[in-house]
Amino acid sequence: MSNIAFIGLGNMGGPMAQNLIKAGHSLRVFDLVPQAVQTLVKEGAYAATSASDAVIGVDVVISMLPASQHVESLYLGEAGLLHSIPPKALLIDCSTIAAVSARKVATAAQTLGLDMIDAPVSGGTGGAIAGTLTFIVGGESASLERARPYLEKMGKNIFHAGAAGAGQVAKIANNMLLGIAMAGTAEALALGVANGLDPKVLSDIISKSSGCNWAVERYNPWPGVMENVPAAKDYAGGFGVDLMLKDLGLAAEAAMHAKSVIALGELARNLYALHSAQGSGKLDFSSIVNMLKKPDTAQ
Ligand code: NAD
């Protein structure tokens with residue numbers, strides 16, 4: 001069993017850390033929010049007082065932070081965490097960030113003799129709790145093999161996308177499609193309901209027809225259609241509108257970099273930006289349905 005530092009215990013990091021504890025590992029945890037740390041302490045983790053306290057004596061460092069700037073400011077610079085991490089420790093960053101940031105941090109780690117992979121995840125908070133996440137890894141094959149036993153305790157599928165940063169590129173392509181699919185699903189349900197259909201009946205029909213997709217089948221945005229999804233909890237928890245907006249912004253950056261066309265991705269980015277600007281940034285992204293359905297539509 002290993003000593004693991006886990007930094008960033010939010011909607012995703014919290015349950016991922018819990019699964020590592022359940023698997024018998026010793027965890028030293030840190031988050032800027034003390035309550036998030038206390039939840040893990042109840043499960044048996046050590047409450048570190050800072051990120052550098054968390055990495056003392058560990059074999060593995062895992063981070064799960066919101067965005068590129070958080071990851072860069074945690075690891076890089078003269079006071080950056082890279083300088084406190086024990087030699088030979090393995091670094092796994094599971095945050096969804098820009099590929100350029102992932103490469104920058106991995107290169108700095110390598111310069112100090114530390115192996116690092118980017119391992120962004122797919123599967124949402126449900127997957128994090130159940131330990132069924134998909135990990136999309138960028139980095140050396142040997143580093144992935146070192147990470148595999150830990151990733152297997154938090155997820156079911158592990159893909160090697162390529163060199164450092166490749167995990168992030170694959171993840172962004174996936175999330176751009178998810179953002180488009182959710183907005184499209186919400187629009188289709190709103191159209192049906194506005195024309196007199198029951199949203200559950202329509203969802204059942206689409207789920208067994210050619211419009212079937214993950215959003216309609218597993219993460220339905222219409223309240224009352226499905227239990228245990230954010231739509232059943234006033235869109236609390238889940239994957240925030242602002243995080244989806246961040247990912248669509250990363251897709252736009254990657255598209256500019258490669259001169260590729262993302263017409264629907266840009267349209268989706270604008271829809272989520274408007275939804276966020278109207279005060280819904282912290283709600284789950286499936287709440288985009290509220291912006292697309294007719295105001296007089298029954299729940
Ligand atoms: P979150 O906002 O719930 O959690 C992030 C946590 O990081 C917070 O608790 C915050 O306090 C902490 N944090 C920020 N800076 C820190 C620092 N310097 N030191 C210690 N802790 C710090 O976000 P989340 O939903 O857990 O998402 C985390 C990452 O996973 C994001 O990059 C997101 O895009 C990605 N992701 C999220 C989902 C989802 O469904 N929520 C799914 C796949 C991927």
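Position 1 is the first residue of the sequence; numbering continues from there. All ligand and atom numbering here is 1-based and tracks the order in the structure.
In terms of protein heavy-atom proximity, atom 35 (C) of ligand 1 is nearest to T96 OG1, 3.6 Å. Of the protein's non-hydrogen atoms, the one nearest atom 4 (O) of ligand 1 is G10 CA, 3.2 Å. The protein non-hydrogen atom at the shortest distance from atom 40 (O) of ligand 1 is F239 CB, 3.2 Å. Summary of contacts: the protein heavy atom closest to atom 30 (O) of ligand 1 is M64 CE, 3.1 Å. Shortest contact from atom 34 (O) of ligand 1 to any protein heavy atom: K246 NZ, 3.0 Å. Looking from atom 23 (O) of ligand 1 to the surrounding protein, the closest heavy atom is L243 CD1, 4.0 Å. From the protein, the heavy atom lying nearest to atom 37 (C) of ligand 1 is M12 CG, 3.5 Å. Of the protein's heavy atoms, P66 O, 2.8 Å lies nearest to atom 32 (O) of ligand 1.
Annotation: H257, atom NE2; neighbour count of heavy atoms from other residues, nucleotides and ligands within 6.0 Å does not exceed 12. By the 6.0 Å contact criterion, CG on D198 is enclosed, its count of non-hydrogen atoms from other residues, nucleotides or ligands being greater than 12. K233 NZ: more than 12 foreign heavy atoms inside a 6.0 Å radius. No more than 12 heavy atoms of other residues, nucleotides or ligands shown are found within 6.0 angstrom of CD on Q35.
Under 3.5 Å, the side chains of Y219 and D284 contain a donor-acceptor pair of N or O atoms. For the residue pair N175/T96, the side-chain donor-acceptor check at 3.5 Å is not satisfied.
Close contacts of ligand 1 with T125, meaning ligand atoms under 4.0 Å from a residue heavy atom, involve 40 (O). The ligand atoms of ligand 1 that sit less than 4.0 angstrom from a heavy atom of I7 are 19 (N), 20 (C). Those atoms of ligand 1 that come under 4.0 Å of a heavy atom in F30, given as number and element, are 19 (N), 20 (C). Which parts of ligand 1 touch V33 is read off a 4.0 Å heavy-atom cut-off, strictly below it: atoms 11 (O).
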Could you go through the side-chain hydrogen bond (donor to acceptor under 3.5 Å, both in side chains) check for S280 and Y235 one step at a time?
CA-CA 10 Å; S280 301; Y235 303 101; over 6 Å; no
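Remark: of the listed residues N3, V60, L82, L81, L81 is the sole one forming a side-chain contact (heavy atoms from CB on, under 4.5 Å) with V55. With P221 as reference, L189 is the one residue of N290, L292, L189, V216 to meet the side-chain contact (heavy atoms from CB on, under 4.5 Å) rule.
Considering all non-hydrogen atoms of both residues, P223 and K293 come closest at CD-NZ, 4.3 Å. Shown here for A194 and K294, the closest heavy-atom pair between the two residues is CB-CD, 3.6 Å.
Here atom 16 (C) of ligand 1 lies nearest to L32 when heavy atoms of N174, L9, L32 are compared. Summarising the contacts of atom 12 (C) of ligand 1 with D31, D284, N11, the nearest heavy atom is found in D31. In this comparison of L65, N175, V71, L74, the heavy atom closest to atom 13 (N) of ligand 1 sits on L65. Scanning S122, G124, G238 for the heavy atom closest to atom 41 (N) of ligand 1 points to G238. Atom 44 (C) of ligand 1 has its nearest heavy-atom neighbour, among L250, L133, V121, in V121.
Considering backbone and side-chain N/O atoms, S95 never comes within less than 3.5 Å of an N/O atom of ligand 1. Considering backbone and side-chain atoms together, H70 places no N or O closer than 3.5 Å to any N or O of ligand 1.
When heavy-atom distances to ligand 1 are checked against a 4.0 Å cut-off, I97 has no atom that comes that close, whether in backbone or side chain. At a 4.0 Å heavy-atom cut-off, ligand 1 touches K171 through the side chain alone.
In this structure the side chain of F285 never reaches within 4.5 angstrom of the side chain of H275, judged on heavy atoms. Side chains of I205 and L197 form no contact here, defined as non-hydrogen atoms less than 4.5 Å apart.
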